[in-house]
Undergrad: 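Can you read through this structure? Questions will come right after.
Here, residue 1 is the first one in the sequence, and each next residue gets the next number.
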Amino acid sequence: MRRAGFKIVLVLFATLLCATGAIADDEESKPTRDLSRLSVFAQPSISFLSFDQRKYFQNAVDTIYAEFKSQAVDAEESLYVAKQNFQKVNFCFPVTAGLQYQVTDGHFLSAGIGFIYDNESVVLSDRKNKAHNYSYTIQGVPAFLEYRLAIPGNLITLSNGGLFSVAVRWYWTLPGTEIYTTWGKLEADNKPWGAGFGVSLGYLIASWNGLNVFGDIGFSTIKVESKETFADIVPDGPTEKAKWDIGGLQLQIRMSFGLIKMPAIKLDDAVAKGKDVQKTEATKPAADTTAVANTAAAADTTAAPKPAEKPVENATPSSESADKNAEDAAGNETAPATTAEPPVEKIQPKAE
C-alpha cells in the first residue's frame with residue numbers, strides 16, 4: 001500500500017511538472033523573474049526523514065515475533081507465525097503554505113507553516129493465525145522564516161533570465177509535533193529559540209498571470225526533544241530523554257500567486273535603462289564607420305593635386321626656353337627631337 005501511494009504521488013508530481021512545462025513553452029509565460037511584491041504560496045513536497053530511531057520499533061516487532069514463535073506447540077502452529085518489517089526509509093509528503101514579500105528586486109522574505117505526517121505500520125500473526133497490528137506515527141508542525149535570493153542570470157542560468165534562487169530557513173516546532181505508537185504517545189518540548197534550519201536551491205519553472213511555479217531541492221534538520229523517553233512508547237526503548245529529527249532531504253514544488261505587484265515605475269525605469277544601453281551599443285559602430293569614411297574622404301581631397309605636379313617636376317626652365325626659340329626660328333611647330341639636327345650638320349663637313 002505504501003509503495004503504491006508513493007508511485008501515485010510521483011505520477012502527480014510528473015503531471016504537475018509536465019503541466020508547468022507546457023505553460024512555460026508559451027511565449028507569454030516564459031519566466032524571467034517574480035514580479036510580485038506580496039504573494040501567497042503552497043508547497044507540496046516529498047521528504048525523506050532523518051529518523052534514525054526507527055530501529056527501536058523494529059526491535060520491538062522482532063521481540064514480539066520471537067515470543068509468538070516460542071508459543072507454538074507444533075510445526076503446524078509455527079507455520080502460522082509471520083511478520084512484516086518496518087520500512088528502512090521514512091518518506092512522507094509534507095505540505096507547506098505561507099506569505100512571501102519581495103523587499104527589493106530578487107530579495108524575498110517569507111513566513112509559513114507546514115504539516116508533516118508519516119505513519120508506519122506492520123502486521124504480525126500468532127500461532128493461531130490471528131493478526132496483530134503495530135504502528136508508529138511521526139507528526140510535525142513546523143513554522144519557519146525564510147530568506148530567498150534570486151541568482152543573477154549572468155552567474156548561472158539555463159535560458160534568458162535570472163531563474164535560479166537560493167533559500168535559507170529557520171524552523172520552530174509548534175504544538176502537535178509528536179510521536180504516537182501502539183504503546184503510547186511522546187510530545188515534543190517546543191523551544192522558543194527554534195529547532196533547526198534548512199537550505200534549498202530553486203528554479204523558476206513557469207510564470208503566468210501572477211502565478212509562479214518553482215522547483216526546489218533542499219535539506220533541513222529539525223531537532224526535536226521531549227521530557228519523556230522512548231521507553232514510554234515502545235517496549236525495551238532507551239530510558240534517556242527522547243530526541244529525534246523531522247527534517248531531511250526534500251523535493252518540492254512551490255506555487256505562488258501574486259497579490260500585489262512591484263511598483264510599475266521601477267519596472268519601467270529598468271526597461272528604459274536597458275533600452276538606452278542597447279541604443280548606445282548599437283550606435284557606437286555606426287559612429288566609428290562614419291568617422292573613418294570622413295577621414296578617408298578628406299585624405300583623398302588633399303592628395304588629388306599631387307598627380308598633376310609630376311610633369312612639372314620633370315620639365316626644367318632651360319628646356320622650355322629652348323623649345324620656344326626653336327619654334328620662333330622655324331616658324332612652325334616642331335618636335336623637341338628636331339632641335340638636335342644643327343649639331344649633326346656641323347660634324348659632317350669635318351668628316352669630308
Side-chain angles (χ1 to χ4, degrees), residues 1-7 9-10 45-72 78 80-94 114-127 130-142 171 173-191 194-198 217-251:
M1 291 294 293
R2 197 165 167 76
R3 291 181 180 177
F6 182 66
K7 291 180 180 178
V9 173
L10 286 180
S45 60
I46 299 176
S47 180
F48 298 88
L49 301 181
S50 302
F51 186 72
D52 297 331
Q53 290 74 18
R54 70 178 70 86
K55 59 187 177 183
Y56 302 149
F57 302 96
Q58 183 61 49
N59 291 338
V61 168
D62 292 340
T63 300
I64 296 172
Y65 172 74
E67 291 178 358
F68 286 166
K69 272 288 187 181
S70 63
Q71 294 172 1
S78 180
Y80 289 129
V81 179
K83 72 165 182 172
Q84 292 178 330
N85 293 320
F86 285 110
Q87 295 283 346
K88 295 182 179 181
V89 177
N90 292 84
F91 64 86
C92 58
F93 311 102
F115 182 71
I116 300 171
Y117 182 85
D118 176 31
N119 175 260
E120 303 285 346
S121 63
V122 295
V123 176
L124 277 70
S125 59
D126 58 20
R127 63 189 180 90
K130 182 180 179 180
H132 301 266
N133 182 271
Y134 301 95
S135 66
Y136 70 92
T137 300
I138 305 169
Q139 184 173 291
V141 186
Y171 289 95
T173 55
L174 301 180
T177 302
E178 59 191 18
I179 298 177
Y180 54 91
T181 73
T182 304
W183 305 278
K185 181 178 179 181
L186 194 66
E187 294 184 353
D189 186 13
N190 303 307
K191 306 293 185 181
F197 69 94
I217 180 170
F219 179 80
S220 63
T221 173
I222 307 174
K223 301 291 186 179
V224 182
E225 297 182 4
S226 177
K227 296 178 181 178
E228 302 168 343
T229 69
F230 274 103
D232 298 326
I233 62 170
V234 61
D236 300 325
T239 55
E240 63 267 13
K241 289 185 177 181
K243 297 180 181 180
W244 67 97
D245 194 341
I246 58 174
L249 181 66
Q250 292 182 332
L251 304 176

Undergrad: For the pair Phe86 and Phe57, name the ring-plane relationship: parallel under 30°, tilted 30 to 60°, perpendicular over 60°.
TA: perpendicular
Undergrad: Which heavy-atom pair separates Phe219 from Ser50 by the least distance, and what is that distance?
TA: CE1-OG, 4.3 Å
Undergrad: Is the NZ atom of Lys83 crowded by more than 12 outside heavy atoms at less than 6.0 Å?
TA: yes
Undergrad: Taking side chain as C-beta onward, heavy atoms only, is Asp126 less than 4.5 Å from His132?
TA: yes
Undergrad: Any side-chain to backbone donor/acceptor pair from Lys69 onto Ser78? Under 3.5 Å, distance only.
TA: yes
Undergrad: Between CD of Glu120 and CD of Gln58, what distance do you get to the nearest 0.5 Å?
TA: 10.5 Å
Undergrad: When rounded to the nearest 0.5 angstrom, what distance separates CZ in Phe68 from NZ in Lys130?
TA: 9.0 Å
Undergrad: By side chain to side chain contact (heavy atoms under 4.5 Å, CB included), which residues pair with Ser135, not counting sequence neighbours?
TA: Asn119, Ser121, Asn133, Thr182
Undergrad: Would you check if Asn90 and Arg54 make a side-chain contact, meaning some heavy-atom pair closer than 4.5 Å?
TA: yes
Undergrad: Taking the side chain as everything from C-beta on, heavy atoms only, tell me whether Leu124 gets closer than 4.5 Å to Val61.
TA: yes
Undergrad: Distance-only, no hydrogens or angles: does the Ser220 side chain make a donor-acceptor pair with backbone N or O of Gly247 under 3.5 Å?
TA: no
Undergrad: Would you indicate whether the side-chain heavy atoms of Pro175 and Val141 approach each other to under 4.5 Å?
TA: no
Undergrad: So, Thr177 side chain and Thr173 main chain: donor-acceptor pair closer than 3.5 Å or not?
TA: no
Undergrad: Measure the shortest side-chain to side-chain distance between Phe51 and Ile246 over non-hydrogen atoms and say whether it is less than 4.5 angstrom.
TA: no
Undergrad: Can you confirm whether more than 12 heavy atoms, excluding those of Phe197, are under 6.0 Å from its CZ atom?
TA: no
Undergrad: Should Glu225 and Lys223 be marked as a salt bridge (Lys or Arg N to Asp or Glu O under 4.0 Å) after you check the CA-CA gap, both sets of side-chain angles, and the distance that decides it?
TA: CA-CA 7 Å; Glu225 297 182 4; Lys223 301 291 186 179; over 6 Å; no
Undergrad: Could you tell me whether Tyr134 and Trp183 have their ring centroids closer than 6.0 angstrom?
TA: yes
Undergrad: Leu186 versus Tyr180: any side-chain heavy-atom pair under 4.5 Å?
TA: no
Undergrad: Is there a donor-acceptor pair under 3.5 Å between the side chain of Gln139 and the backbone N or O of Gly176?
TA: yes
Undergrad: Describe, in one word, how the ring planes of Tyr117 and Phe115 are oriented to each other, choosing from parallel (under 30°), tilted (30 to 60°) and perpendicular (over 60°).
TA: parallel
Undergrad: Considering only residues two or more places apart or on different chains, which pairs with a residue in residues 240-250 satisfy side chain to side chain donor-acceptor pair (under 3.5 Å)?
TA: Thr221-Asp245
Undergrad: Quick one: closest heavy-atom pair of Pro142 and Tyr171, and the distance?
TA: CB-CD2, 3.9 Å
Undergrad: So which heavy atom on Thr181 is nearest to which on Tyr136, and how close?
TA: CG2-CB, 3.5 Å
Undergrad: Name every donor-acceptor pair, under 3.5 Å, that has one atom in a side chain of residues 228-236 and the other anywhere in the protein, sequence neighbours excluded.
TA:
from, atom 1, to, atom 2, distance (Å)
Thr229, OG1, Ala231, N, 3.4
Thr229, OG1, Asp232, OD2, 3.3
Asp232, OD2, Thr229, N, 3.2

Undergrad: Would you indicate whether the side-chain heavy atoms of Ser47 and Ile116 approach each other to under 4.5 Å?
TA: no
Undergrad: Quick one: pull up CG in Leu251 and CD1 in Ile217 and give me the separation to the nearest 0.5 Å.
TA: 5.0 Å
Undergrad: With side chains defined as the heavy atoms from C-beta onward, is the minimum distance between Leu49 and Phe91 less than 4.5 Å?
TA: no
Undergrad: Of all heavy-atom pairs between Ser125 and Tyr80, which one has the smallest distance, and what is that distance?
TA: OG-O, 2.6 Å
Undergrad: Give, for atom CD1 of Ile138 and atom CD of Gln53, the distance between the pair rounded to the nearest 0.5 Å.
TA: 8.0 Å
Undergrad: Quick one: closest heavy-atom pair of Lys227 and Asp189, and the distance?
TA: CE-OD2, 3.9 Å
